[in-house]
There are 2 protein chains.
Amino acid sequence: MGERWWHRKFRGCGYRLTVPREVIFTVLSKTSKHLSAEEIYIEVHKTYPAIGLTTIYRTLELLVEMGFILKFDFGDKRARYELAEGLQGKQHHHHLLCTDCGKIIDYTDFAKEEKELLGQTEKGLSEKFNFKITNHLIQFYGLCSKCQKK
Amino acid sequence: MGERWWHRKFRGCGYRLTVPREVIFTVLSKTSKHLSAEEIYIEVHKTYPAIGLTTIYRTLELLVEMGFILKFDFGDKRARYELAEGLQGKQHHHHLLCTDCGKIIDYTDFAKEEKELLGQTEKGLSEKFNFKITNHLIQFYGLCSKCQKK
DNA sequence: TTTGATAATGATAATCATTACCAAAAAGGT
DNA sequence: ACCTTTTTGGTAATGATTATCATTATCAAA
């Protein structure tokens with residue numbers, strides 16, 4: 001799949017390809033951080049100063065809707081975004097959050113055990129409450145090594 | 001433990017007992033819902049019309065800090081609160097959220113499997129990343145039976 | 001290539017939950 | 001009852017996100 005595979009998907013959904021969208025997508029593709037809308041704005045602004053914050057928000061919403069990126073809430077009052085699984089080799093993972101300094105660690109371990117639990121849980125909950133489960137959220141909170149020493 | 005056990009704990013921490021605090025705590029004790037600050041405000045207002053929204057927020061923060069209640073974010077832009085585990089027979093549970101109508105279901109099932117996974121995961125993460133894990137969040141999202149039919 | 005319908009943009013104002021501020025009122029030890 | 005300290009509640013401020021709307025850009029068709 002070439003560099004422009006997402007262009008096709010974009011077009012296929014009837015959306016237009018624009019410079020802002022290109023740049024925003026690129027920024028998210030090249031970082032391993034969990035950027036907020038404002039951080040993305042600042043980053044995009046470097047190569048495309050005409051960008052407006054509104055466009056950032058709108059584009060992020062669009063990218064989420066299309067499944068290119070994921071939106072998270074890590075409890076710091078602003079949404080954060082990262083590339084979806086499958087893109088740029090991103091694997092399914094969860095987050096480990098330091099409640100002191102805000103550090104975020106992605107971890108992909110325990111996938112097997114987790115999958116098992118999720119399978120059981122989703123099945124059980126579906127039956128018991130007649131819920132159709134589409135998604136889940138798992139996060140761990142604690143203190144990173146640096147903050148433990150303080 | 002009598003009805004006033006928490007009065008002692010309150011006093012013990014150097015906090016004063018006030019009518020607003022009493023009323024707010026009572027509201028949270030008597031509901032099984034996941035109320036937002038504003039909903040609590042409205043409820044408290046019925047029996048104590050002089051209440052101020054600021055006091056609601058302050059008291060909730062205090063109750064969270066003291067461990068009487070838990071604060072949650074269910075993705076609807078406002079914090080929601082519920083009585084902590086152990087109070088009024090509340091058990092440790094997680095939430096099942098309907099992404100369509102916002103319905104929230106508490107479930108206590110799968111505690112064993114979950115506990116196992118959490119134990120393993122927390123241990124593994126602690127070792128690998130030298131993180132001291134203090135808390136976790138697990139939520140499932142999906143469609144409730146009513147919303148599936150639409 | 002130019003055109004034209006339509007979608008996208010960006011500056012600005014509006015929202016809305018939550019906080020900060022501060023003077024007035026309440027709590028609780030004396 | 002008094003006095004010191006905490007608590008309260010009205011109001012304004014904050015800060016992320018959304019709505020509005022005139023201007024601009026995209027792209028299929030001529």
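In what follows, every chain begins at residue 1, and chains take the letters A, B, ... in the order their sequences are listed. From a predicted model like this one, the values you see are computed outputs, not experimental measurements. The figures that follow rest on heavy atoms only: side chains count, while hydrogens, waters and symmetry mates do not.
In this structure, Arg80(A) and Glu39(A) have side chains that are in contact, with non-hydrogen atoms separated by less than 4.5 Å. Residues Cys98(B) and Phe131(A) form a side-chain contact, since some pair of their non-hydrogen atoms from C-beta on lies under 4.5 Å apart. Contact of the His136(A) side chain with the Ile138(B) side chain is not registered, since no non-hydrogen atoms from C-beta on lie closer than 4.5 Å. Counting only heavy atoms from C-beta outward, the side chains of Leu62(A) and Glu65(A) approach each other to under 4.5 Å.
In this structure, Asp76(B) places its CG atom 14 Å from C1' of dT18(C), rounding to the nearest Å. Leu35(B) places its CG atom 13 Å from the P atom of dT18(C), with the value rounded to the nearest Å. Separating the OH atom of Tyr15(B) from the C1' atom of dG28(C) is a distance of 17 Å, rounded to the nearest angstrom. Note: NZ (Lys71(B)) to C1' (dT19(C)) measures 11 Å, nearest angstrom. Straight-line distance from the CZ atom of Arg78(A) to the P atom of dA17(C): 19 Å, rounded to whole Å. Between Glu22(A) atom CD and dT26(D) atom C1' the separation is 14 Å, expressed in whole Å. Atoms OH (Tyr81(B)) and P (dA17(C)) sit 13 Å apart, rounded to a whole Å. Atom-to-atom, CD1 of Ile24(A) to C1' of dA8(C) comes out at 11 Å; the value is rounded to the nearest Å.
Considering only side-chain N and O atoms, Arg21(A) lies nowhere under 4.0 angstrom from the phosphate OP1 or OP2 of dT26(D). Dashed line: the shortest gap from a side-chain N or O of Arg16(A) to OP1 or OP2 of dC27(D) is not under 4.0 Å. A sub-4.0 Å separation between OP1 or OP2 of dT18(D) and a side-chain N or O of Lys77(B) is present.
Between Tyr107(B) and Phe129(A), a ring centre-to-centre spacing not shorter than 6.0 Å is recorded.
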Going through the distances and angles, do Glu127(B) and Lys123(B) end up as a salt bridge (charged side-chain N to carboxylate O under 4.0 Å, His left out)? CA-CA 6 Å; Glu127(B) 286 169 6; Lys123(B) 187 163 173 287; 3.5 Å; yes
Verdict with supporting geometry, His34(B) and Glu82(B), side chain to side chain donor-acceptor pair (under 3.5 Å): CA-CA 6 Å; His34(B) 309 81; Glu82(B) 63 175 48; 3.0 Å; yes
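Checking Gly14(B) against Ala37(A), the closest nucleotide of DNA chain D that is more toward the 5' end is the one next to Gly14(B). Nearest-nucleotide positions on DNA chain D place Phe10(B) closer to the 5' end than the other of Tyr41(B) and Phe10(B).
If you check residues 47-66 of chain A against DNA chain D, the residues with a heavy atom closer than 4.0 Å are Thr54(A), Tyr57(A), listed by number.
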